[in-house]
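Have a look at the structure below, then the notes.
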Amino acid sequence: MKNVLIIVHDFLPIGGGPVLHTLKVVKYLPQFGWKPIVLTVDPQRRTPVWLDPALVNELPEIAEIDRVPAPHKDYGYRWLPRGFAHARSIFRRERIDLIFTSSPPHNLHVLGWLLGKYFRRPWVADFRDGWTHSENFVARSGRRRWFDRVTERLIISEADHLLTATEPIAADLKIDYPGHSAKIHTHYNGFDPEDFETSTPAGASASTFNLVHVGWITSTPAYFFQAVRSLADRDRLFSEKCKIQLIGEVVPEHLDLIRRFDLTAMIELTGFVSHAVAVQGMQQAAALLLLINYPQQRQRERGMLTAKFCEYVGAGKPILAMTADSVATEFMRRYHLGVHVEPEDVPGIERALNGLFDHWQQHTLPVPDAPEVQELFNWRRTTQKLAALFDELAADK
């Protein structure tokens, strides 16, 4: 059994998509000959966060967790010296064969670089988001933009291998750093089939037309709410039978929109729930809602393929995607995963809702049949490929 030091900022008992990615890697790596040792920031020293203690039960017994005390709200560089000290103690007690860093925040890759140089171990840097090429990148000053650009160049040039969450992120890095393109590849987010095996799917005779959205609504739902209101006003049965379940935190602005469009009776708000409850909600849905709409930053969507989308695929329910063109919409079209509508197209959203509702009434809702994409997003399979890469790099060193 070889040992890999996995460095991430957030980990259990914190919940959420980025944590799930690391958890599933940790869960499945031992099956392919790698013992995971996780170095992470101690959540007890941070401001209140979403906690999902039940996820700890998925950790394999062989896994080890080392937590670094850090200041509150610290996504900066100040925790890295403590992280380096903790990592040195891990190297003293364990034979570490490879280092794996996964961002955000991107600064933790600096720790991977330092450890790789100091201990002469192969190092894999995993970018779940883009960095300076991304429109999500905001620097407070020209000096900070320069610093991040220099740091990004250092990471790209020094890492033994680079992984990205989507192909557009990889393409951006290859454009900026063509000399290192051969070592840049995509490692998708995914879903765990075992999560869905323990939950109960909705029956065909369900009495409610359940539309479910899981996670943060990161943009305005106003266009979607307007379409729902319009269809409910002209179709009494839709207004009576349709239930929209928003699983996750909802910001005050969105609560105001719910009241403004008089949708309180049709929308159920759960607040933050455990991952198991969220999966159960997906299984009980007639259709799943994907809402990504950045009116001022449409380019930002292009490279987005969230863990939520991958789990939607795992749930095997039709998806109503209200997004601009992106990686997600490419998968939607290629594998016939549901219906895609431009996010501000209110009449189009209304037509899509009406079509899904008609199919639901007739018990003819299309069930996506896409074993290829399910295999592509299967966390056990993606971790098997990751372990093979680890084997190759460790053997070269």
Let me see the working for Arg128 and Asp126 under salt bridge (charged side-chain N to carboxylate O under 4.0 Å, His left out), right down to the final yes or no. CA-CA 6 Å; Arg128 307 320 297 167; Asp126 178 38; 2.7 Å; yes
For Phe331, is the NZ or CZ atom of Arg334 found under 6.0 angstrom from the centre of its six-membered ring and inside 45 degrees of the ring axis? yes
Exactly one candidate in Trp113, Phe91, Tyr118 meets ring pair (Phe, Tyr, Trp, His ring centres under 6.0 Å) with Phe84; the answer is Tyr118
Evaluate side-chain contact (heavy atoms from CB on, under 4.5 Å) for Leu291 paired with His213, printing each intermediate quantity in order. CA-CA 8 Å; Leu291 180 60; His213 181 280; 4.3 Å; yes
Thr323 versus His340, closest heavy-atom pair with distance: O-NE2, 2.6 Å
Asp97 side chain vs Val4 backbone, donor-acceptor pair below 3.5 Å: no
Nearest-0.5 Å distance that lies between atom CG in Asp235 and atom SG in Cys242: 10.0 Å
Cationic N near anionic O, under 4.0 Å, Asp256 to Arg260: no
So which atom in Ile6 and which in Pro36 form the shortest heavy-atom distance, rounded to 0.1 Å? CD1-CB, 3.9 Å
Do His21 and Trp379 have side chains that get closer than 4.5 Å, going by heavy atoms? yes
Which class fits the ring pair Phe377 and Tyr188: parallel under 30°, tilted 30 to 60°, perpendicular over 60°? perpendicular
For salt bridge (charged side-chain N to carboxylate O under 4.0 Å, His left out), just list the numbers for Asp160 and Arg121, CA-CA rounded to whole Å, side-chain angles, deciding distance to a tenth of an Å, and then say yes or no. CA-CA 9 Å; Asp160 293 283; Arg121 295 292 187 274; over 6 Å; no
Side-chain (Asp148) to main-chain (Arg145) donor-acceptor, under 3.5 angstrom: no
Thr101 and His109: side chain donor to acceptor below 3.5 Å: yes
Are side-chain heavy atoms of Phe238 and Met266 found at a separation under 4.5 Å? yes
Would you name the heavy atoms of Pro30 and Met1 that are closest together and state the gap between them? O-CE, 3.8 Å
Reported OG1-to-CD distance for the pair Thr306 and Glu311, which is rounded to 0.5 angstrom: 9.5 Å
For Tyr77 and Val110, run side-chain contact (heavy atoms from CB on, under 4.5 Å): C-alpha distance rounded to whole Å, both residues' side-chain angles, the deciding distance at 0.1 Å, then the answer. CA-CA 9 Å; Tyr77 285 83; Val110 174; 4.0 Å; yes
Rounded to the nearest 0.5 Å, how far apart are CZ of Phe357 and CG of Leu237? 4.0 Å
Spacing of CD belonging to Glu350 relative to CG belonging to Asp233, to within rounding of 0.5 Å: 9.0 Å
Does any donor atom in the side chain of Trp34 or Asp391 lie under 3.5 Å from an acceptor atom in the other side chain? yes
Might you point out which heavy atoms bring Leu80 and Leu108 nearest each other, and give the distance in Å? CD2-CA, 4.2 Å
Keeping Ser274 on the side-chain end and Val277 on the backbone end, is there a donor-acceptor pair under 3.5 Å? yes
Backbone N or O of Pro18 within a donor-acceptor pair of the Asp10 side chain at under 3.5 Å? no
Would you name the heavy atoms of Val346 and Tyr223 that are closest together and state the gap between them? CG2-O, 3.8 Å
Heavy atoms, side chains only, cut-off 4.5 Å: are Leu289 and Met322 in contact? yes
side-chain contact (heavy atoms from CB on, under 4.5 Å) between Val41 and Phe11: does it pass, once the steps are laid out? CA-CA 8 Å; Val41 171; Phe11 197 56; over 6 Å; no
Which of Leu290, Val313, Leu288 passes side chain to side chain contact (heavy atoms under 4.5 Å, CB included) with Lys308? Answer is Leu290
Do Phe390 and Phe100 have ring centroids that are under 6.0 Å from one another? yes
A side-chain contact here means heavy atoms from C-beta on lying under 4.5 Å apart; do Trp146 and Val150 qualify? yes
For Arg93, look at atom CZ and say whether over 12 heavy atoms of other residues, nucleotides or ligands are found less than 6.0 Å away. yes
Do Thr40 side-chain atoms and His9 backbone N/O form a donor-acceptor pair below 3.5 Å? yes
Looking only at side-chain N and O atoms, does Tyr335 offer a donor or acceptor that is under 3.5 Å from a partner on Asp369? no
Less than 3.5 Å apart, any donor N or O on the side chain of Thr164 or His185 sitting next to an acceptor on the other? no
Check: Ala285 main-chain N/O paired with Lys317 side-chain donor or acceptor under 3.5 Å: yes
Within the 4.5 Å heavy-atom criterion, are Val327 and Glu167 side-chain neighbours or not? no
Trace of the salt bridge (charged side-chain N to carboxylate O under 4.0 Å, His left out) decision for Arg149 with Asp176: CA-CA 11 Å; Arg149 186 70 176 179; Asp176 286 356; 3.2 Å; yes
With a 4.5 Å heavy-atom cut-off, do Ile267 and Phe225 have their side chains touching? yes
Lys/Arg N to Asp/Glu carboxylate O, Lys174 vs Asp172, below 4.0 Å: no
Test item: Ile319 and Val339 side chains (from C-beta on) under 4.5 Å apart, heavy atoms: no
Who pairs with His106 by ring-ring contact (aromatic ring centres under 6.0 Å, His included), at least two apart in sequence or on another chain? Phe127, Trp131
Trp123 vs His161, ring-ring contact (aromatic ring centres under 6.0 Å, His included): CA-CA, chis, key distance, verdict: CA-CA 7 Å; Trp123 160 49; His161 203 91; over 10 Å; no
What pairs of donor and acceptor atoms, side-chain ones from residues 58-70 against any protein atom, are under 3.5 angstrom apart with sequence neighbours left out?
unit_1 : atom_1 : unit_2 : atom_2 : d
Glu58  : OE1    : Lys24  : NZ     : 2.5
Glu58  : OE2    : Lys24  : NZ     : 3.4
Glu64  : OE2    : Lys35  : NZ     : 2.7
Asp66  : OD1    : His86  : ND1    : 2.6
Arg67  : NH1    : Leu12  : O      : 2.7
Arg67  : NH2    : Leu12  : O      : 2.7

If you take all heavy atoms of Val250 and Leu269, which pair is closest and at what distance? CG2-CD2, 3.9 Å
Should the heavy atoms of other residues, nucleotides or ligands under 6.0 Å from CZ of Arg120 be counted, would the total exceed 12? no
So CH2 of Trp216 and CD of Glu249: to nearest 0.5 Å the spacing works out to 6.5 Å
Which distance, rounded to the nearest 0.5 Å, do you find between the CG of Leu393 and the NZ of Lys183? 10.5 Å
Can you confirm whether Ile156 sits close enough to Leu173 that some side-chain heavy atom of one is under 4.5 Å from a side-chain heavy atom of the other? yes
Please assess Leu356 against Leu365 for the test side-chain contact (heavy atoms from CB on, under 4.5 Å), listing each intermediate value before the final yes or no. CA-CA 7 Å; Leu356 289 168; Leu365 268 175; 3.9 Å; yes
If the condition is ring-ring contact (aromatic ring centres under 6.0 Å, His included), which residues does Phe224 pass it with, not counting sequence neighbours? none
